Amino acid sequence: PRFITAKYVTSAGEEKESLLLTCGWWGIARHFHYLPEIMASFFWTVPGLFNHPLHYFYVIYLTILLTDRALRDDIKCGSKYGTYWKQYQSLV
């Protein structure tokens, strides 16, 4: 397996290591499970047809929620891992 050994410092000042996986599903996308979740929510609401936009509130809500979460995760991991995260982003 391919991975990056990333070092980081905790808030208590301890130096630790983590593995950032760059192979398998993690080598394809960072949040590969978000797309099937959004698709499932869409297909769950399709029986309501397109009669009213309220039927698709959940799909729109989930899309906004997961997009925001992915962006916050990137910011958090960028501040935690620094240059290791930039290297990870270039590979995935």
Side-chain angles (χ1 to χ4, degrees):
R2 295 183 323 248
F3 56 87
I4 298 169
T5 304
K7 296 179 181 179
Y8 65 95
V9 179
T10 65
S11 59
E14 298 177 57
E15 189 171 310
K16 298 201 173 202
E17 286 185 1
S18 286
L19 297 179
L20 303 176
L21 301 175
T22 59
C23 63
W25 287 110
W26 289 271
I28 296 171
R30 279 177 243 151
H31 300 285
F32 59 87
H33 59 288
Y34 286 2
L35 183 59
E37 284 185 39
I38 293 169
M39 288 174 51
S41 69
F42 174 75
F43 290 121
W44 187 40
T45 57
V46 164
L49 300 174
F50 295 96
N51 297 334
H52 197 277
L54 186 60
H55 297 157
Y56 294 90
F57 173 77
Y58 179 63
V59 179
I60 295 166
Y61 166 75
L62 189 65
T63 302
I64 293 169
L65 177 86
L66 294 179
T67 302
D68 179 60
R69 183 175 176 185
L71 293 173
R72 286 186 290 121
D73 284 349
D74 279 349
I75 292 168
K76 181 180 175 184
C77 289
S79 65
K80 179 178 180 179
Y81 297 117
T83 58
Y84 297 109
W85 187 250
K86 291 184 190 297
Q87 182 184 0
Y88 176 77
Q89 284 181 317
S90 68
L91 294 172
V92 178

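For reference, positions follow the sequence shown, starting with 1. Keep in mind that this is a model prediction, so the values were computed, not measured.
Looking only at side-chain heavy atoms (C-beta outward), Thr10 and Lys16 come within less than 4.5 Å of each other. Considering only heavy atoms from C-beta on, Leu54 comes within 4.5 Å of Phe57 through its side chain. Looking at heavy atoms from C-beta onward, Tyr34 lies in side-chain contact with Arg69 at the 4.5 angstrom threshold. Proximity of Asp73 to His31: side-chain heavy atoms (C-beta onward) are separated by under 4.5 Å at one or more points. Contact check for Phe3 versus Leu20: no side-chain heavy atoms found under the 4.5 Å cut-off. At a threshold of 4.5 Å between non-hydrogen side-chain atoms, the residues Trp85 and Ser79 do not count as touching. Between Tyr58 and Phe42, the closest side-chain pair of non-hydrogen atoms is not below 4.5 Å.
No more than 12 heavy atoms of other residues, nucleotides or ligands shown are found within 6.0 angstrom of OH on Tyr61.
Minimum interatomic distance between Arg2 and Thr22 (heavy atoms only, all atoms of both residues): NH2-O, 2.8 Å. For Glu37 against Leu66, the heavy-atom pair with the smallest separation is OE1-CD1, 4.0 Å. Looking at every heavy atom in both residues, Ile38 comes nearest to Ser41 through O-OG, 2.7 Å.
Hydrophobic clustering (side-chain heavy atoms under 4.5 Å, transitive across Ile, Leu, Val, Met, Phe, Trp, Tyr) groups Leu91 together with Tyr81. Hydrophobic clustering, with ILVMFWY side chains joined whenever heavy atoms are under 4.5 angstrom apart, keeps Tyr56 apart from Trp44. Ile75 and Leu65 are assigned to two separate hydrophobic clusters, defined by single-linkage of ILVMFWY side chains at heavy-atom distances under 4.5 Å.
Residue Ile4 holds its CD1 atom at 10.0 Å from CG of Leu19, rounded to the nearest 0.5 Å. In this structure, SG in Cys77 is found 9.0 Å from CZ in Arg30, a value given to the nearest 0.5 Å.
Listed for the Thr67 side chain is no donor-acceptor partner under 3.5 Å among the backbone atoms of Ile64. In this structure, the side chain of His55 does not engage the main chain of Thr45 through any donor-acceptor pair within 3.5 Å.
Judged by the 6.0 Å and 45° rule, Lys80 forms a cation-pi pair with Tyr8.
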